[in-house]
Visitor: 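Structure provided below as structure tokens; questions to follow.
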Amino acid sequence: MSRHTVAPAPTLRDAFTALGTARGRQDPYPLYEAIRSHGDTAWLKPGRLVVVGYEECDRALRDTRLHVQDAAGYDATSPGWRDHSSLRAFTSSMLYSNPPDHARLRAVAGFAFAPPKIRRLRSVIEGMADRLLDRMAALGVGGSPVDLIAEFASRLPVAVISALLGFPEEDQVWFRDMASTVAVSTDGFGDPAALERADRAMDEMTAYFTELVDRRRRDPHDDLVTLLTRVHDGDPRRLGHDELMGTLMVLLTAGFETTSFLIGHGAMLALERTAFAGRLRAESDFAPRYVEEILRFEPPVHVTSRRAATDTELLGAPVPAGTRLTLILAAANRDPRRFADPGRFDPDRPDNRPLSFGAGGHFCLGAPLARLEAQIALPRLFARFPRLAATEPPVYRDRWVVRGLDTFAVAVAG
Ligand code: HEM
């Protein structure tokens, strides 16, 4: 190619297909812009709409005629999905349910995640974070590299959600590994070997939960597993057995990898732009703004989907029943019509309301918890280790839907 030849802009289909490749997963942002050049909503083919605009994604998430993927949806699109326990288990949870079941399932667990309840956890989470930082200090003695993700970013959310649910402390690392394996099923049918591993992990976790539920029935604790078991035993129409399992599974998996990625990105961006590490240490009101901008700039959940249950419209454009919509939240968060200079990381930007936790009926139940964890973890990390430094470039996990750092080696003292 001569110096002056301009590469042709990718077609919509090419850009979208590239998101499924290892290269696309490493850096999907240029592909989002290529998709945006075809419109804020664009038809991939009849019946398949991709949405990258902020307002369009927001409207779609709030439109009750657009349903999340549920068992009936899988039946229509993915014959054979019932052979996969990792997919089956999630369809009994609120995340994969539509009216009228959705409200019932959300209400059962929702009270435990109400903002006032979550605010009361602050000192507990601070204690957990400090213990993990002590551990990192010990592991990093003499300049030994420590994996910030394995030792801090992923341990804190799993410790918090395990304490809420009532999982024994000694099982937490096992849970973390199982939950990561299971979470690949959110990327769908792409990798059959990964899906098989996810199925095996799901079977092991289901056996574990079944046993734990039985134990709590005999010996109740002050935890969410006991509460949910009581709801089920009191009236299985409020929460069936599979729904109890699905709820536990979704609370564990939705809550921990995502938050781990949020903390990991927050650490990475503050090490790349050291002024922010200083501000996290010095300004007590900076962390909420910083966390909001990480959520916008590097959201842990890049994409979600909906299916039109009946004919509807999106900002006036008709969307026929049966249409599948791919809502790219990470692209909406960089919509130049909504965010000035969207490719610039700026925690001081005004009116910063990214779509990283979704919107509407399925708005993330754990958003107050995830925010609080990151707002506690990041200032404490940089206060405890003022000379924190990367020893190797961070490594991204090879995934698209839930995207974040797999490993990040750091030295805790220079
Ligand atoms: C930074 C961390 C997190 C991110 C980015 C995140 C993102 C999301 C998103 C985008 C949705 C909506 C999906 C959709 O509408 O299709 C969602 C739903 C959900 N999240 Fe989170 N989440 C995070 C942390 C958590 C935590 C800590 C928990 C709980 C312990 C949690 C539990 C849930 C649940 C239960 C739902 C389903 C709500 C419903 O369907 O009504 N998430 N999350």
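Ligands are counted one by one from 1 in listed order, and the atoms in each one are counted from 1 as well.
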Visitor: Side chain, backbone, both or neither: which part of Phe261 has a heavy atom under 4.0 Å from ligand 1?
Guide: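 Under 4.0 Å from ligand 1, Phe261 contributes no heavy atoms.
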
Visitor: Is it true that Arg215 and Asp219 make a salt bridge, defined as a side-chain N closer than 4.0 Å to a carboxylate O?
Guide: no

Visitor: Considering only heavy atoms, which of Thr258, Leu372, Ile161 lies nearest to atom 23 (C) of ligand 1?
Guide: Thr258

Visitor: Write out the residue and atom name of the closest protein heavy atom to atom 36 (C) of ligand 1, then the distance separating them to 0.1 Å.
Guide: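 Answer, as residue, atom name and distance: Leu365 N, 4.0 Å.
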
Visitor: Considering only the protein, which heavy-atom contact is closest to atom 12 (C) of ligand 1, and what is its distance?
Guide: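 Looking only at protein heavy atoms, the one closest to atom 12 (C) of ligand 1 is His362 O, 3.4 Å.
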
Visitor: Please state which protein non-hydrogen atom is closest to atom 37 (C) of ligand 1 and give its distance, to 0.1 Å?
Guide: Leu95 CD1, 3.6 Å

Visitor: Regarding Glu204 and Arg200, does a basic nitrogen lie under 4.0 Å from an acidic carboxylate oxygen?
Guide: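 Salt bridge between Glu204 and Arg200, a charged N being under 4.0 Å from a carboxylate O: no.
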
Visitor: Show me which atoms of ligand 1 lie under 4.0 Å from any heavy atom of Val301.
Guide: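 Selected atoms, number and element: 7 (C).
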
Visitor: Within a distance under 4.0 Å of any heavy atom of Phe113, pick out the atoms of ligand 1 and give their elements.
Guide: 29 (C), 30 (C)

Visitor: Where the side chain of Thr274 meets the backbone of Ala277, is there a donor-acceptor pair that is under 3.5 Å apart?
Guide: no

Visitor: Which ligand 1 atoms, with their elements, are less than 4.0 angstrom from a heavy-atom of Gly358?
Guide: 10 (C)

Visitor: Looking only at protein heavy atoms, which one is nearest to atom 16 (O) of ligand 1, and what is the separation?
Guide: Thr304 OG1, 2.6 Å

Visitor: Heavy atoms only: which of Cys364, Gly404, Gly255 lies closest to atom 27 (C) of ligand 1?
Guide: Gly255

Visitor: Please indicate whether any nitrogen or oxygen in Arg306 is less than 3.5 Å from any nitrogen or oxygen in ligand 1.
Guide: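 Yes, there is a polar N/O contact under 3.5 Å.
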
Visitor: Which residue and atom name correspond to the protein heavy atom nearest atom 29 (C) of ligand 1, and how close is it?
Guide: Gly366 CA, 3.7 Å

Visitor: Are any of the side-chain nitrogens in Arg296 or Glu292 under 4.0 Å away from the carboxylate oxygens of its partner?
Guide: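 Looking at Glu292 together with Arg296, the answer is no, because their closest N to O distance does not fall below 4.0 Å.
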
Visitor: Counting only heavy atoms closer than 4.0 Å, does ligand 1 sit against the backbone of Leu262, its side chain, both, or neither?
Guide: side chain

Visitor: Considering only NZ, NE, NH1 and NH2 on the basic side and carboxylate oxygens on the acidic side, decide whether Asp40 and Arg337 come within less than 4.0 Å.
Guide: yes

Visitor: With a cut-off of under 6.0 Å to the ring centre and 45° to the axis, is Arg403 in cation-pi contact with Tyr396?
Guide: yes

Visitor: Give me the nearest non-hydrogen protein atom to atom 6 (C) of ligand 1 as residue plus atom name, then the distance to 0.1 Å.
Guide: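 Minimum-distance protein heavy atom for atom 6 (C) of ligand 1 reads Phe357 CD2, 3.6 Å.
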
Visitor: Report the C-alpha separation of Ser154 and Arg176 in whole Å, then their side-chain angles, then the decisive distance to 0.1 Å, and conclude whether the side-chain hydrogen bond (donor to acceptor under 3.5 Å, both in side chains) test is met.
Guide: CA-CA 8 Å; Ser154 74; Arg176 183 189 64 187; 3.1 Å; yes

Visitor: Within the structure, does Ser356 bring an N/O atom to less than 3.5 angstrom of an N/O atom in ligand 1?
Guide: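 Min N/O separation from ligand 1 is not below 3.5 Å for Ser356.
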
Visitor: Between Arg384 and Asp134, does any NZ, NE, NH1 or NH2 come within less than 4.0 Å of an OD or OE carboxylate oxygen?
Guide: yes

Visitor: Against heavy atoms of Ala370, which atoms of ligand 1 measure under 4.0 Å?
Guide: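 Those atoms are 1 (C), 2 (C), 24 (C).
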
Visitor: For the aromatic rings, using the six-membered ring if either is Trp, is the centroid distance between His84 and Phe90 under 6.0 Å?
Guide: no

Visitor: Relative to atom 25 (C) of ligand 1, which among Ala254, Ser305, Pro354, Ser97 owns the nearest non-hydrogen atom?
Guide: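 Answer by nearest heavy atom: Ala254.
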
Visitor: Please determine if Asp75 and Arg82 form a salt bridge, counting it only when a charged side-chain N lies under 4.0 Å from a carboxylate O.
Guide: yes

Visitor: Between the side chains of Asp351 and Arg338, is the shortest nitrogen-to-carboxylate-oxygen separation below 4.0 Å, so that they form an ion pair?
Guide: yes

Visitor: Under a 4.0 angstrom heavy-atom cut-off, which atoms of ligand 1 come close to Gly361?
Guide: 41 (O)

Visitor: Taking the minimum heavy-atom distance to atom 38 (C) of ligand 1, which of His265, Gln69, Glu373, Arg106 ranks first?
Guide: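 Looking at heavy atoms only, the winner is Arg106.
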
